[in-house]
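Taking it in order: structure first as structure tokens, then the write-up.
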Amino acid sequence: MEKNYDHNASENKISASWEASGAMKADNKSKKKKFTISLPPPNVTGELHLGHAAMLAIEDIMIRFKKMTGHEVLWLPGTDHAAIATENVVLKHLGLKSREEMQRNEFLKECRKFATAKHDRIVHQIKKMGAWLDWSREAYTFDEPRNQAVNTIFKRLYDDGLISRGHRMINWSVGAQSVLSDEEVVYKEVKGALYHYKYFFVDSEEFLEVVTTRPETMFGDTAVALNPHDPRAKKLHGKKVKVPFSGREIPIILDDHVDLEFGTATLKVTPAHDPNDFEIGEKHNLEKIQVIGFDGHMETNDHVPKKFQKLSSEECRKLLTKPSEWFIKKEEHLHNVGFCYRSHTVVEPMISPQWFILVDKEFETNKPQRFLFARHGETTSTKNRVVQGESDPLNIKGKADAKKLAEFLSRNKNVTRIISSEHKRAKQTAEIIGRSLGIKIETWKEFNGADLGSVVGKKILPNKISFDMAIEAKTGETMKQIFDRVKKGWEKLKKETSEGDILVISHRSILSTLEIVRSGGDKNQVLEQRRQHESASFGYWGETTEISDKKEKTTLKKLTAEAVRSGDVKIIPKQFEKVYFHWIDNLRDWCISRQIWWGHRIPVWYDKEKNITAVGDIKTPHKDWTQDKDTLDTWFSSALWPFSTLGWPDEKAEDFQKFFPTDVLETGHDILFFWVARMIMFSKYATGKPPFHTVYLHGLVTDEHGKKMSKSAGNGIDPLEVVEKFGADAVRLSLVVGTATGQPIPLGASKISGYRNFVNKLWNAGRFVKMQTPTSKKPEPKSLADKWIASRFTKISKEIKNHLDKYEISMAGDKIYHFVWDDFCDWYIEESKKEPNPDFLYYLFNEILKLAHPLCPFITEKLWQELGNKDILIGESFPETNYVDKKAEDLFEKFQKEVIETRKAKTDKTAIEKEIKQLKKDISALEIRLKNKGYLKKAPAKLVEQTKKELKESKEKLQKLS
RNA sequence: GGGCGGUUAGCUCAGCUGGCUAGAGCGCCUGCUUGACUUGCAGGAGGCCACAGGUUCGAGUCCUGUACCGCCCACCA
């Protein structure tokens with residue numbers, strides 16, 4: 001083995017050996033629990049950037065960890081055709097200003113050619129990062145299976161009346177003669193002007209002073225608006241004024257949109273040429289009058305006076321700002337103007353027919369609920385409203401209720417499993433139902449009853465209840481513990497994948513807690529529920545909760561919100577839930593059509609008379625039919641990604657059955673609503689299930705000072721370059737450790753080199769291990785150091801597993817780093833030199849490699865092979881040891897302290913004087929705390945004990961030193 | 001304009017449900033080191049946790065306000 005680890009010499013070989021093993025291919029017939037991630041598809045024509053690198057690192061860690069903890073993992077790769085971006089890149093590539101310079105088919109061919117060439121490059125880049133992807137299932141947003149999915153969902157939406165064609169505002173580029181997407185509009189601050197005009201009243205010599213930046217649109221005015229809080233509003237509302245030059249009469253209306261601070265607080269409303277005015281127009285039912293044509297010249301119609309017709313909008317403006325009886329003045333004004341990013345001409349807002357999705361329109365869902373829940377039947381004590389310590393048997397009415405419920409279920413539901421709490425009443429109810437349905441009942445302790453607040457013999461006042469209060473009669477659980485327990489039960493329940501419905505029988509307080517859990521509630525809600533329960537009589541007891549099987553009406557917007565609100569989809573970090581809801585609250589109809597060439601054509605076919613004749617998946621249309629020339633927007637096909645990649649619309653496809661819903665969606669937080677929210681929306685709509693249960697959002701990768709990386713600032717880092725320089729492991733670690741979820745990820749060479757050093761440290765530890773010669777095959781800890789490190793390994797590996805279970809990758813990485821470097825290398829290896837135990841060392845080091853493998857797969861794989869292991873490391877299970885030796889830990893820690901003390905003493909005798917000073921300070925602080933009566937009274941006893949112990953220790957230490 | 005974050009050592013940041021005698025990496029200072037590792041080892045200096053109030057026995061942690069900084073969305077007649 002070389003003295004230093006050479007990543008370039010080994011990474012490619014290791015990647016190749018992984019691929020050759022075929023172990024990346026997921027088995028859809030496996031009996032193991034699945035874990036699925038679909039890779040957010042990078043743009044084919046793009047380059048791999050650090051955001052991708054972070055995404056790949058995080059997802060790869062999740063995948064490897066799940067694989068090593070016994071899951072059938074599927075990490076599904078793919079690429080995105082990213083229509084708009086590709087079109088523009090191809091145009092540039094061909095040196096064209098507009099795609100119209102080429103035949104449509106020719107242009108598409110170029111796009112395809114370009115994308116194919118670029119594809120291999122991005123795939124190569126992805127593989128460089130060590131990503132454990134199942135390439136046998138690679139998908140592309142623009143291939144045939146995805147096209148099928150797009151057509152299918154379009155048809156469904158259309159049939160449900162959720163898709164419609166109507167007039168909407170679009171960005172029109174006069175220069176490019178094309179509709180632009182929002183992303184293609186570049187806003188620039190421009191020195192423009194505010195033009196003041198007189199709008200005379202119909203019935204007097206007086207006028208309203210109206211301010212505009214675009215006077216040429218005035219012929220399309222259909223109202224003048226005032227703010228409802230404007231003092232003039234009452235008087236003027238409903239009166240009429242005349243449009244300058246043309247004299248057309250328009251009403252004065254009131255609208256909140258008018259800013260009282262701006263200009264003269266008098267707004268001319270032009271619904272056909274301004275997006276805001278369009279909205280006001282919709283609200284007030286105003287006419288939309290087009291006065292500027294698609295060629296950028298004034299229209300020839302009755303609304304435009306003769307002398308302005310056919311003029312360009314600039315010429316028209318010049319004419320309008322010449323002195324006249326209407327024109328008042330012009331003043332300078334800075335404002336943002338949209339430009340076409342291709343032709344650099346001003347964007348004209350225009351009205352044109354567009355396809356859009358009605359997110360607020362109701363439709364029927366008939367997806368059956370999988371869980372249903374019921375209370376246990378009535379007992380004598382519940383009937384008599386008596387608080388009771390022991391549970392008593394169901395009374396006759398209770399049994400009858402249970403039978404009724406069973407009948408209802410057998411008629412209306414397909415219950416295949418019954419889960420009950422362990423307590424008598426619930427179990428009895430469950431058994432009655434189970435017998436009549438022929439199902440064996442299961443008991444889950446998570447749903448055990450907790451008679452909150454009713455400790456036998458005592459009464460707790462509702463307003464005195466706190467979340468941490470121990471409250472249940474028998475087990476002494478706190479409210480928090482109960483809440484957490486129920487939550488755990490719910491999480492467990494949600495993961496159940498068995499066919500059919502699951503019936504849960506539990507107790508009232510548990511079911512209402514469950515309601516709060518399901519609604520994503522917090523502790524205040526639990527307390528409130530508790531208080532209500534306390535102050536209410538026990539009158540609820542004994543009824544069984546009706547299970548409804550109604551067809552419900554809902555909207556796409558509601559579906560999307562509910563998935564998160566109910567806790568079916570969790571967003572990490574939580575702060576983004578707020579962002580998510582805010583977006584949904586403001587969600588309007590989603591415009592889905594674009595005039596681009598490189599994308600899914602809208603699957604609507606017209607006959608010659610332009611009557612719609614067919615919608616959806618038409619494979620062999622009649623040759624006289626024409627397809628709608630608009631294209632679906634980019635996010636439309638991306639929104640289907642989590643299921644279109646698994647065989648949907650064929651819901652019986654083996655992949656779909658086994659791997660859907662996916663588990664985690666990991667992506668940058670900036671596309672939370674562009675993409676994530678839309679996936680949730682469409683998945684809930686198309687499959688009835690959310691597409692994933694966890695959304696993990698990583699932050700923006702910035703330079704080491706937290707600045708955005710950009711070409712112009714020259715602070716960009718090319719991932720492949722740093723991989724070459726420091727190794728993929730180092731790059732992965734630096735993107736993942738020392739970061740907080742959702743926060744920016746600062747990255748610089750010094751950070752990466754730090755983790756390169758760590759990788760090298762691991763390499764050298766391996767070198768040391770290899771120099772030892774194992775004798776027997778019994779890896780038993782013998783020395784104190786052996787026992788200490790073994791015990792510590794158990795603790796640390798448990799912690800790391802916990803962190804990774806919760807997707808706390810940074811924490812896990814930090815712990816591995818310090819365990820390997822501080823505990824294993826600096827202490828254990830050094831100590832083991834005195835009392836070598838090669839067998840144990842070999843064993844332990846192998847375990848460490850497994851532990852570290854998800855985070856740094858290359859170096860661990862390389863060392864694994866160096867140590868003579870044949871199979872690939874990912875096939876091993878994640879370490880799970882239970883060796884614990886508390887005594888050894890304490891002893892060794894004491895030893896460590898002593899060593900450190902003597903080292904200190906060696907270097908400097910003054911670093912002692914300081915310590916005495918510090919100790920004295922500490923002692924007085926501790927003494928003050930212990931003298932505080934409030935502290936002694938109110939602080940937990942454990943803590944007081946600890947303080948006392950600390951004081952004693954500090955005093956002893958002080959004595960020793962002086 | 002709407003929304004969401006951040007403000008802790010020279011730099012970049014951790015610090016979960018309040019118990020901290022405030023941590024990490026890098027940088028800095030002083031030594032050491034030819035058997036795993038100079039991509040190393042040992043030790044050290046360095047913080048009124050943005051500011052002002054409040055709740056509490058106890059606040060970096062919770063609440064209110066102020067001031068900066070950042071991000072996302074919308075786009076101003």
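On a predicted model such as this, the values are computed, not experimentally measured, just so you know.
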Write down the distance separating the P atoms in B:C20 and B:G3, rounded off to the nearest Å. 37 Å

Counting side-chain heavy atoms from C-beta on, which of B:G25, B:U12, B:C75 comes nearest to A:N336? B:C75

Side-chain polar contacts of residues 928-937 of chain A - donor-acceptor pairs under 3.5 angstrom, sequence neighbours left out - could you list them?
unit_1: A:N932; atom_1: OD1; unit_2: A:G934; atom_2: N; d: 2.8
unit_1: A:N932; atom_1: OD1; unit_2: A:Y935; atom_2: N; d: 3.2
unit_1: A:Y935; atom_1: OH; unit_2: A:T947; atom_2: OG1; d: 2.9

So, with a heavy-atom separation below 4.0 Å from RNA chain B, the residues of residues 756-769 of chain A are A:R756, A:N757, A:N760, A:K761, A:N764, A:A765, A:R767, A:F768

Sequence neighbours excluded, which residues qualify as salt bridge (charged side-chain N to carboxylate O under 4.0 Å, His left out) partners of A:E950? none

Need one value for A:F824: base, sugar-phosphate or nothing, where a base atom within 4.0 Å counts as base even if backbone is also close, heavy atoms only. nothing

Which is true for A:G738 with a 4.0 Å heavy-atom rule: it touches a base, it touches only sugar-phosphate, or it touches nothing? sugar-phosphate

Distance check, P atoms only: B:A9 and B:G60, in whole angstrom units. 15 Å

Taking only residues at least two apart or on different chains, which pairs with a member in residues 220-230 of chain A satisfy side-chain hydrogen bond (donor to acceptor under 3.5 Å, both in side chains)? A:Y199-A:D221, A:D221-A:K268, A:D221-A:T270, A:D230-A:R232

Check the orientation of A:F674 and A:W635. Use parallel for under 30°, tilted for 30 to 60°, and perpendicular for over 60°. parallel

With a non-hydrogen cut-off below 4.0 angstrom, is A:N932 in contact with a base, only sugar-phosphate, or nothing? sugar-phosphate

Between C1' of B:U39 and CG of A:D6, the distance in whole Å: 13 Å

Given the P atoms of B:C48 and B:C4, what is the spacing between them in whole Å? 32 Å

Does anything in residues 695-704 of chain A form a salt bridge (Lys or Arg N to Asp or Glu O under 4.0 Å)? List the pairs, not counting sequence neighbours. none

Send over the distance from A:F726 CZ to B:U39 P, rounded to a whole Å. 12 Å

Using a heavy-atom cut-off of 4.0 Å across all strands, would you classify A:P940 as base, sugar-phosphate, or nothing? base

What contact category does A:D274 fall into here, base, sugar-phosphate, or nothing, at under 4.0 angstrom with non-hydrogen atoms? sugar-phosphate

What nucleotide, of B:C41, B:C11, B:A77, holds the atom closest to the side chain of A:T212? B:A77

Atom pairs, protein N/O to nucleotides 1-3 of chain B N/O, distance under 3.5 Å:
unit_1: B:G2; atom_1: O2'; unit_2: A:H582; atom_2: NE2; d: 3.3

For B:U61 versus B:U8, give the span between their P atoms, rounded off to a whole number of Å. 13 Å

Looking at the side chain of A:H669, which of B:A36, B:C41, B:C71 is the nearest nucleotide? B:C71

Distance, C1' atom - from B:G46 to B:A52, rounded to whole angstrom: 27 Å

For A:Y197, side chain to side chain donor-acceptor pair (under 3.5 Å) partners two or more places apart: none

Would you mind telling me which residue lines up with the more 5' stretch of RNA chain B, A:L747 or A:Q772, judged by nearest nucleotide? A:L747

With a non-hydrogen cut-off below 4.0 angstrom, is A:I829 in contact with a base, only sugar-phosphate, or nothing? base

Verify the ring-centre separation between A:F576 and A:H669: is it less than 6.0 angstrom? yes

Consider only side-chain N and O atoms of A:D823 and A:H818, and report whether a donor and an acceptor are under 3.5 Å apart. no

Holding to salt bridge (charged side-chain N to carboxylate O under 4.0 Å, His left out), I want the full list of residues that pass it with A:E799, two or more places apart in sequence or in another chain. A:K815

Starting from Watson-Crick (N1-N3 plus N6-O4 or O6-N4) and G-U wobble pairs under 3.5 Å, report the runs of at least three that RNA chain B belongs to. B:1-7 with B:67-73, B:10-13 with B:23-26, B:28-32 with B:40-44, B:50-54 with B:62-66

Using a cut-off of 4.0 Å on non-hydrogen atoms, how would the nucleic acid contact of A:A740 be classed: base, sugar-phosphate, or nothing? sugar-phosphate

According to the interplanar angle, ranging from 0 to 90°, do the rings of A:F673 and A:W583 count as parallel (below 30°), tilted (30 to 60°) or perpendicular (above 60°)? parallel

Taking OP1 and OP2 of B:G25, is either one under 4.0 Å from a side-chain nitrogen or oxygen of A:W821? no

When all nucleic acid strands are considered with a 4.0 Å heavy-atom cut-off, which category describes A:Q743: base, sugar-phosphate, or nothing? sugar-phosphate

So A:K933, base contact, sugar-phosphate only, or nothing? Heavy-atom distance under 4.0 Å. nothing

For A:E808 and B:G15, give me the distance from atom CD to atom C1', rounded to whole Å. 13 Å

Starting at NZ of A:K751 and ending at C1' of B:U39, how long is that distance when rounded to a whole Å? 18 Å

Under 4.0 angstrom between A:H257 side-chain N/O and B:A77 OP1 or OP2: no

Counting side-chain heavy atoms from CB outward, which of B:C71, B:A77, B:C37 is closest to A:F262? B:A77

Under a 4.0 Å threshold between the charged nitrogen and the carboxylate oxygen, would A:K897 count as salt-bridged to A:E901? no

Touch check for A:A225, heavy atoms < 4.0 angstrom, all strands: base, sugar-phosphate only, or nothing? nothing

Once side-chain hydrogen bond (donor to acceptor under 3.5 Å, both in side chains) is applied, what residue pairs with a partner in residues 724-740 of chain A remain, sequence neighbours excluded? A:D60-A:R732

Heavy atoms only, 4.0 Å cut-off, all strands: where does A:K708 land among base, sugar-phosphate and nothing? sugar-phosphate

Rounded to whole Å, the CG-P distance (A:D670 to B:G5) equals 17 Å

When you compare B:G5 with B:G65, how far apart are their P atoms, in angstrom units rounded to a whole number? 14 Å

Between B:C76 (P) and A:E331 (CD): distance, integer Å: 18 Å

Measure from OH on A:Y755 to P on B:A24 and round the result to the nearest Å. 13 Å

Once side-chain contact (heavy atoms from CB on, under 4.5 Å) is applied, do any residues pair with A:A765, and if so which ones, sequence neighbours excluded? A:F824, A:C825, A:I829, A:F845

If we take the C1' atom in both B:G18 and B:G58, what is their distance in whole Å? 8 Å

If the cut-off is 4.0 Å, is A:K833 near the phosphate of B:A36, judged by side-chain N/O to OP1 or OP2? yes

Which residue lies toward the 5' end of RNA chain B, A:F576 or A:E950, if each is placed at its nearest nucleotide? A:F576

Check the phosphate of B:C75 against A:H335, side-chain N and O only, distance under 4.0 Å to OP1 or OP2. Yes or no? no

Using the benzene-type ring in the case of Trp, are the ring centres of A:Y817 and A:Y755 under 6.0 Å apart? yes

Excluding sequence neighbours, so at least two apart, what forms salt bridge (charged side-chain N to carboxylate O under 4.0 Å, His left out) with A:E808? none

Using atom P of each nucleotide, how far apart are B:C51 and B:A45 to the nearest Å? 24 Å

Between atom CD in A:E216 and atom P in B:A77, what is the gap in whole Å? 13 Å

